[in-house]
There are 2 protein chains.
Amino acid sequence: MVFEDITETFKALSDPTRQDILMRLRRRRMTPGKLATYFDISKPSLSHHLAILHRANLIDSERVGQKIYYSFNATVFYEIMNKFINSLKK
Amino acid sequence: MVFEDITETFKALSDPTRQDILMRLRRRRMTPGKLATYFDISKPSLSHHLAILHRANLIDSERVGQKIYYSFNATVFYEIMNKFINSLKK
DNA sequence: TTATTGTTTAGATAGTTGTCTAATTATCTA
DNA sequence: TAGATAATTAGACAACTATCTAAACAATAA
C-alpha cells in the first residue's frame with residue numbers, strides 16, 4: 001500500500017521553514033516578498049519552499065498584477081490528514 | 001517558531017516504507033524478522049526505518065527473549081498531530 | 001562453550017534536498 | 001519601448017537519507 005499524495009504532504013510538512021510559512025499564511029494571504037521579510041533565507045530559497053507547499057496543495061496562489069498572493073489551503077490539509085488517520089483506524 | 005518534535009514526526013511519516021510499517025503494526029505488534037517478510041528491502045534497511053519511527057516515538061519496542069516486538073504508538077501519534085493542527089488554528 | 005537465530009551497527013555509495021548567486025520571466029508605469 | 005519591481009528558474013554544491021554488504025551484538029539451545 002502506497003500513499004503518493006500523503007507522502008508528498010508529509011514531506012512538505014517536514015521542514016521547519018515550511019511549517020513556519022504555513023503559520024504565517026494561516027490568518028492572511030501574503031506575497032513571497034512580504035514573507036521574505038520574516039525569514040533569513042534568500043528569495044529563491046523561499047520560492048522553492050512555496051513551490052513544494054503548492055505542489056502538495058497545502059497553499060493556493062493568486063496573481064494580482066505583479067504580485068502573487070499565497071494562502072493556506074486548510075481544506076486540503078485536513079482532507080489528507082484525515083485520509084491518513086482513517087487508514088490507520090481500519 | 002520551530003517544532004522540533006513535530007518535524008521529526010513528519011519526517012518519520014514522509015517515507016512510503018515507514019507508512020507501510022505503521023499500517024502493518026496498527027493491528028498487532030510484530031518483530032523485524034516478521035515485518036521483513038512483507039518488504040523487499042534488506043533487514044538492516046528495515047531496522048533503520050524502525051529506528052527512525054522509534055526515535056519519533058511513533059512505535060514502541062519490547063524485547064522478549066531473542067525477539068523484539070514493535071507496536072504502533074497511537075497515543076503519541078495523535079498527540080503530535082493535534083499539537084500541529086491546534087497551532088494552525090490559533 | 002559452540003552453534004543458531006534475531007537484530008542492530010559500521011562503513012560505503014547513489015540519490016535527494018536546501019541553499020546560494022546569477023539569469024530569466026512577468027507585470028506595471030512612464 | 002525602457003525601466004523598475006516581483007517572483008521564479010537554472011545551475012552548482014554541501015549536507016542528508018535510503019540502501020546495501022559485512023561485521024558485531026544479544027539471547028537461546030545443544
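The chains referred to below are lettered A, B, ... by the order of the sequence lines, with proteins before strands, and numbering in each begins at 1.
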Listed nucleotide nearest any side-chain atom of B:Ser47, set C:dT9, D:dT8, D:dA6: C:dT9

For A:Lys43 and C:dT24, what is the distance between atoms NZ and P respectively, to the nearest whole Å? 19 Å

Does any N or O donor sit under 3.5 Å from an N or O acceptor when you compare the side chain of B:Gln66 with the base of D:dT28? no

Does C:dT17 have OP1 or OP2 under 4.0 Å away from a side-chain N or O of A:His49? no

Could you tell me how far apart B:Glu62 (CD) and C:dT7 (C1') are, to the nearest whole angstrom? 16 Å

Considering only side-chain heavy atoms of A:Arg18, which listed nucleotide, C:dG18, C:dT8, C:dG6, is closest? C:dG18

Check whether B:Ser14 reaches the backbone of B:Lys11 with its side chain - one donor and one acceptor, N or O, closer than 3.5 Å. yes

When you measure from the side chain of B:Arg18 to the backbone of B:Ala12, do you find a donor-acceptor pair of N or O atoms at a distance under 3.5 Å? yes

Short side-chain N/O contact from B:Tyr69 to OP1 or OP2 of C:dT7, under 4.0 Å: no

Whole-Å distance, A:Ile52 CD1 to D:dA7 P, equals 18 Å

Does the cation-pi check pass for A:Arg26 over A:Phe72, that is, NZ or CZ under 6.0 Å from the six-membered ring centre and within 45° of its axis? no

Respond yes when some side-chain nitrogen or oxygen of A:Ser42 is under 4.0 Å from OP1 or OP2 of C:dC20, and no when none is. yes

Check the phosphate of D:dA18 against B:Ser45, side-chain N and O only, distance under 4.0 Å to OP1 or OP2. Yes or no? no

B:Lys11 side-chain N/O to D:dT17 phosphate OP1/OP2 under 4.0 Å: yes

Determine yes or no for a side-chain-to-main-chain donor-acceptor pair under 3.5 angstrom, with A:Glu62 supplying the side chain and A:Tyr70 the backbone. no

For A:Pro44 and for A:Asp15, locate the closest nucleotide of DNA chain C by heavy-atom distance; then report the residue assigned to the nucleotide nearer the 5' terminus. A:Asp15

Give the rounded distance in Å between these two atoms: CG of A:Asp40 and P of C:dC20. 8 Å

For the student: nearest non-hydrogen atoms of A:Ile41 and A:Leu46, plus distance: CD1-N, 3.8 Å

Starting at atom CZ of A:Arg63, determine the distance to atom P of D:dA6, rounded to an integer number of angstrom. 12 Å

For atom CZ of A:Arg29 and atom C1' of D:dA7, their distance in whole Å: 16 Å

Using whole Å, what does the distance between atom P of nucleotide C:dT19 and atom CD1 of A:Ile41 come to? 5 Å

Rounded to the Å, how far apart are A:Ile68 CD1 and D:dA6 P? 12 Å

